[in-house]
Amino acid sequence: MKIGKVLNGFIVKLYNFLMKRNWMNKNSYYPRKIRFILQNHICFECMATFGKYNPDKLFYVIRCPVGEMGFFGLFNFIVYHLKLAEEMAAIPVVDLKYYYNDYICEDYNIGKINSWDLFFNQEFNVDEVYHSKNVFMSNGKFSPSQAEVDDKEALMKSSLLINKYLQPQDEILKACKQKLHDLNMENKKVLGVKCRGTDFAKTKPSKHQIVPDVYQTIKVIEEKEKEWGSFDSIFVATEDKDIFDNLLQRYGSRLTYVETDLIGDVSGKWLNELFKKDELKGHKFNRMADYYISIWLLAHCDSLIAPVVGGTLGAMRIRGRRYKNVYLFHLGAYD
């Protein structure tokens with residue numbers, strides 16, 4: 001077992017060494033292809049020894065081989081592995097330094113900066129873990145958890161883990177609270193609306209939940225305001241410019257939101273493909289920080305109307321307790 005742990009540690013260290021090389025950190029076809037192959041082959045479940053640090057501790061390294069997973073897809077993936085780490089009585093550490101994500105990690109920072117640390121506090125950093133004696137390397141697998149939106153007990157358990165391990169960095173939390181204050185959401189009855197468009201609506205990814213169009217969403221808002229009573233404001237979280245423009249035209253000054261760059265025609269591409277463009281270089285953190293703030297605010301609304309997507313589950317997990325009213329679109333899945 002000791003030999004196996006040392007061998008596994010050597011393999012992971014070799015992988016980390018390669019990821020630090022400048023030629024591996026370029027936003028071009030071949031470096032990305034090589035990273036993809038390496039990342040998918042290194043994510044096997046194992047115990048590893050990297051050094052003599054922390055002999056009395058067991059670490060659980062959370063690593064995701066799916067670089068195209070969206071921010072809250074990744075967030076929910078991490079919550080899943082936090083549960084596994086707790087079952088092992090291990091200390092979870094998220095590694096986005098050597099396992100890149102297109103929505104969060106700039107190519108030139110791979111192997112240099114743990115991008116997860118820009119968003120959330122961690123008790124230990126990956127550099128210390130990769131010098132420690134007892135480390136469990138996760139296998140990168142993930143069981144879909146969307147059904148949790150209808151399970152209040154499971155949502156509360158996830159919320160407790162988020163409060164324990166996924167506290168946002170001070171500046172992001174400060175921005176969340178400032179936006180909550182600026183929009184006067186503490187003193188208003190606010191309807192939260194999550195709209196997913198762009199890449200989902202155009203590409204219709206197989207097995208993913210079907211998302212409603214803006215007209216279906218407006219129809220449900222109208223129906224629910226009659227049933228639940230009118231709201232002082234409607235907070236919308238969306239990345240889609242066409243959806244936003246339609247909602248703004250319909251609700252005017254009642255519509256509140258986080259100011260961010262919106263996406264128009266995606267020409268059949270996924271959002272992460274658009275984020276690779278040179279003109280967006282260096283903007284990933286700001287864009288994803290805005291997205292996190294919008295979902296955090298969604299979690300602080302009185303009621304919710306949303307499709308069953310990663311951002312919706314993220315908001316419900318952050319909130320933990322029940323909304324006063326909830327309407328979730330269950331439209332089936334794309335073929």
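Being a predicted model, the structure only gives us computed values, none of them experimental. All residue numbers refer to positions in the sequence shown, counting from 1.
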Is there a side-chain contact between [X] and [Y] (heavy atoms, below 4.5 Å)?
X      : Y      : result
Phe231 : Glu225 : yes
Leu82  : Ile62  : yes
Val308 : His330 : yes

Exercise. After noting the C-alpha distance and the side-chain angles of Val211 and Phe329, does the key distance pass the side-chain contact (heavy atoms from CB on, under 4.5 Å) rule?
Worked result: CA-CA 8 Å; Val211 296; Phe329 289 93; over 6 Å; no
For this session: Not counting sequence neighbours, which residues clear side-chain hydrogen bond (donor to acceptor under 3.5 Å, both in side chains) with Arg322? List them please.
Result: none
Exercise. Tyr29: which other cluster members, linking ILVMFWY side chains closer than 4.5 Å, directly or transitively?
Worked result: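 Tyr30, which link up through side-chain heavy atoms under 4.5 Å apart, make up the rest of the cluster.
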What residue pairs, at least two apart or across chains, pass side-chain hydrogen bond (donor to acceptor under 3.5 Å, both in side chains) with a residue in [range]?
range            : result
residues 14-25   : Asn22-Lys112, Asn25-Lys112
residues 43-55   : Glu45-Asn139, Asn54-Glu128, Asn54-Ser132
residues 154-168 : Lys83-Ser158, Glu86-Lys164, Glu86-Tyr165, Glu148-Ser158, Ser158-Arg317

Problem set entry | Shortest non-hydrogen contact between Ile295 and Gly314, atoms and distance |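 Nearest pair, atom of Ile295 first, then Gly314: CG2-C, 4.2 Å.
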For this session: Determine whether the aromatic ring centres of Tyr80 and Phe142 lie less than 6.0 Å apart.
Result: yes
Exercise. Do you reckon Ile104 sits in the same ILVMFWY cluster as Val94, going by side-chain contacts under 4.5 Å, direct or chained?
Worked result: yes
Problem set entry | Sequence-distant partners of Lys179, salt bridge (charged side-chain N to carboxylate O under 4.0 Å, His left out), two or more places apart |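 Partners of Lys179 by the salt bridge (charged side-chain N to carboxylate O under 4.0 Å, His left out) criterion, ordered by chain and then number, come out as Glu259.
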